[in-house]
Amino acid sequence: MDLTIAHLYPRHMNLYGDRGNVLALRYRALGRGIAVRVIDVDLDDPVDWDAVDLVFMGGGEDSHQARIYEDFLRRAEPLMEILDKGVPMLAICGAYQLLGHHYQTADGQRLQGLGYLDVTTEAGSTRAIGDVVCETPLFDYPKTLVGFENHGGRTFLGPSSQALGTVRLGKGNNGEDGTEGAWKNHTIGTYLHGSLLPKNPHLTDLLLEWALDCKYDGGVVLEPMESTREMAAHEVIVARSKIKHV
Ligand code: GLN
């Protein structure tokens, strides 16, 4: 089996080591003998979307989001078509904001988003910075996802949105309603940098499984793979929250 990952805007959207998510996907795929090809997609680069099995886009400063969002909007149709077919996408922070309806930046600029996720993001008066622990319905065990947030935007879920999780430590979407991230089909938007996947191997494996299931028409079960060090890093952050058992 093999997988092709499209890494969107790696030069502009790559805060707090977000590229580590692509490395983690590659590492855990190769550990199961699955070959991985990563395509870096920069401004104006042509993409053969039919050949893409998994999409990743990292976070960015307001100025970088402003630089790429028009290019991103031009790709809306083919991108949303593959997401609707079940191709997974992981979108971190600034990318998550641009998958929603719009992002109002700190200096009042309104950046239109794809509207794939039913969320809107307004500028906050302070930044949300620090470790995050949330509990997600995606897994039976461990139920937690951990990461690091640093964002000015406050994201609010629309009626057709499903939260990725409930915040146990940190601010998450907006610091008010206890939600973190959003999730639709196999697309996950989240504020969690960290980078996220190296400390959450269960999420890495889920994304790989979704991608392989979509590509090979279901029934793909990943072999178990050791994740002692990854889970040790995970538990260090869980220990900062009030949750007692991972
Ligand atoms: N610029 C956005 C904000 O501050 C996103 C930041 C990020 O990706 N960390 O809300």
Side-chain angles (χ1 to χ4, degrees), residues 6-24 40-43 55-73 75 79 89-134 145-158 161 163-165 167 169-183 187-200 203 237:
H7 185 178
L8 304 190
Y9 313 110
R11 289 190 311 122
H12 296 90
M13 303 292 283
N14 180 32
L15 281 180
Y16 314 113
D18 281 339
R19 199 175 80 87
N21 293 303
V22 175
L23 300 182
D40 285 350
V41 180
D42 267 310
L43 296 170
V55 185
F56 173 74
M57 183 167 156
E61 293 163 20
D62 288 7
S63 58
H64 287 151
Q65 289 170 277
R67 182 85 179 81
I68 61 98
Y69 85 100
E70 282 170 334
D71 185 274
F72 189 45
L73 285 177
R75 303 180 189 275
L79 172 59
M89 175 166 182
L90 177 64
I92 310 289
C93 200
Y96 165 40
Q97 295 169 341
L98 292 178
L99 269 188
H101 300 296
H102 71 252
Y103 169 45
Q104 181 94 24
T105 67
D107 64 8
Q109 200 185 350
R110 179 176 283 231
L111 309 182
Q112 197 195 324
L114 261 56
Y116 188 71
L117 295 175
D118 182 19
V119 304
T120 49
T121 305
E122 309 299 336
S125 52
T126 55
R127 295 192 72 78
I129 304 174
D131 289 326
V132 181
V133 177
C134 75
L145 292 172
V146 303
F148 169 81
E149 63 183 339
N150 184 352
H151 53 105
R154 301 289 187 268
T155 298
F156 295 90
L157 305 179
S161 266
L164 174 63
V167 172
L169 176 74
K171 298 271 189 276
N173 278 331
N174 51 57
E176 293 170 23
D177 62 15
T179 64
E180 157 50 32
W183 159 47
T187 296
I188 289 176
T190 175
Y191 273 113
L192 303 187
H193 297 279
S195 26
L196 174 67
L197 295 183
K199 297 193 198 84
N200 296 279
L203 182 59
I237 302 177

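Heavy-atom basis, side chains included; hydrogens, waters and symmetry copies ignored. One-based numbering, in listed order, for ligands and for the atoms of each.
Contact of the Leu23 side chain with the Leu197 side chain is not registered, since no non-hydrogen atoms from C-beta on lie closer than 4.5 Å. Using a 4.5 Å heavy-atom cutoff, the side chains of Arg19 and Pro10 are not in contact. Contact of the Ile68 side chain with the Leu43 side chain is registered, since non-hydrogen atoms from C-beta on lie closer than 4.5 Å. At least one side-chain heavy atom of Ile92 sits less than 4.5 Å from a side-chain heavy atom of Phe56. Between Leu196 and Phe148, the closest side-chain pair of non-hydrogen atoms is not below 4.5 Å.
Classified by interplanar angle (parallel below 30°, tilted 30° to 60°, perpendicular above 60°), the ring pair Tyr191/His151 is parallel.
Among Gly59, Gly60, Ala123, the residue whose heavy atom lies closest to atom 5 (C) of ligand 1 is Gly60.
Within the 4.0 Å heavy-atom shell around ligand 1 one finds Gln97. At least one heavy atom of His193 lies less than 4.0 angstrom from ligand 1. Residue Tyr103 places a heavy atom under 4.0 Å from ligand 1.
The closest protein non-hydrogen atom to atom 1 (N) of ligand 1 is Asp62 OD1, 2.6 Å.
Residue contacts with ligand 1 for Leu15 involve side-chain atoms from C-beta outward but no N, CA, C or O (heavy atoms, distance under 4.0 Å).
Atoms of ligand 1 found under 4.0 Å from any heavy atom of Arg127, numbered from 1 in the order shown, are 4 (O). For ligand 1, the atoms closer than 4.0 angstrom to any heavy atom of Gln65 are 1 (N), 2 (C), 5 (C). Taking a cut-off of under 4.0 Å to the non-hydrogen atoms of Gly153, the atoms of ligand 1 that pass are 3 (C), 10 (O). Proximity to Cys93 (heavy-atom distance under 4.0 Å) selects the following atoms of ligand 1: 5 (C), 6 (C), 7 (C), 8 (O), 9 (N). For ligand 1, the atoms lying closer than 4.0 Å to a non-hydrogen atom of Asn150 are 6 (C), 7 (C), 9 (N). Ligand-side atoms of ligand 1 in range of Gly152: 3 (C), 4 (O), 10 (O), range being under 4.0 angstrom from any heavy atom. Shown in contact with Gly94 at under 4.0 Å from a heavy atom are these atoms of ligand 1, numbered in order with element: 5 (C), 7 (C), 8 (O).
For ligand 1, the polar-atom distance check finds no N/O of Tyr16 at less than 3.5 Å from any of the ligand's N/O atoms.
From Leu203, atom CG reaches atom CG of Leu192 across 9.0 Å, with rounding to the nearest 0.5 Å. One distance of note links CD of Glu180 with OH of Tyr96; it measures 6.5 Å at 0.5 Å rounding.
Summarising the local packing, CD of Glu122 is surrounded by more than 12 heavy atoms from other residues, nucleotides or ligands at distances under 6.0 Å.
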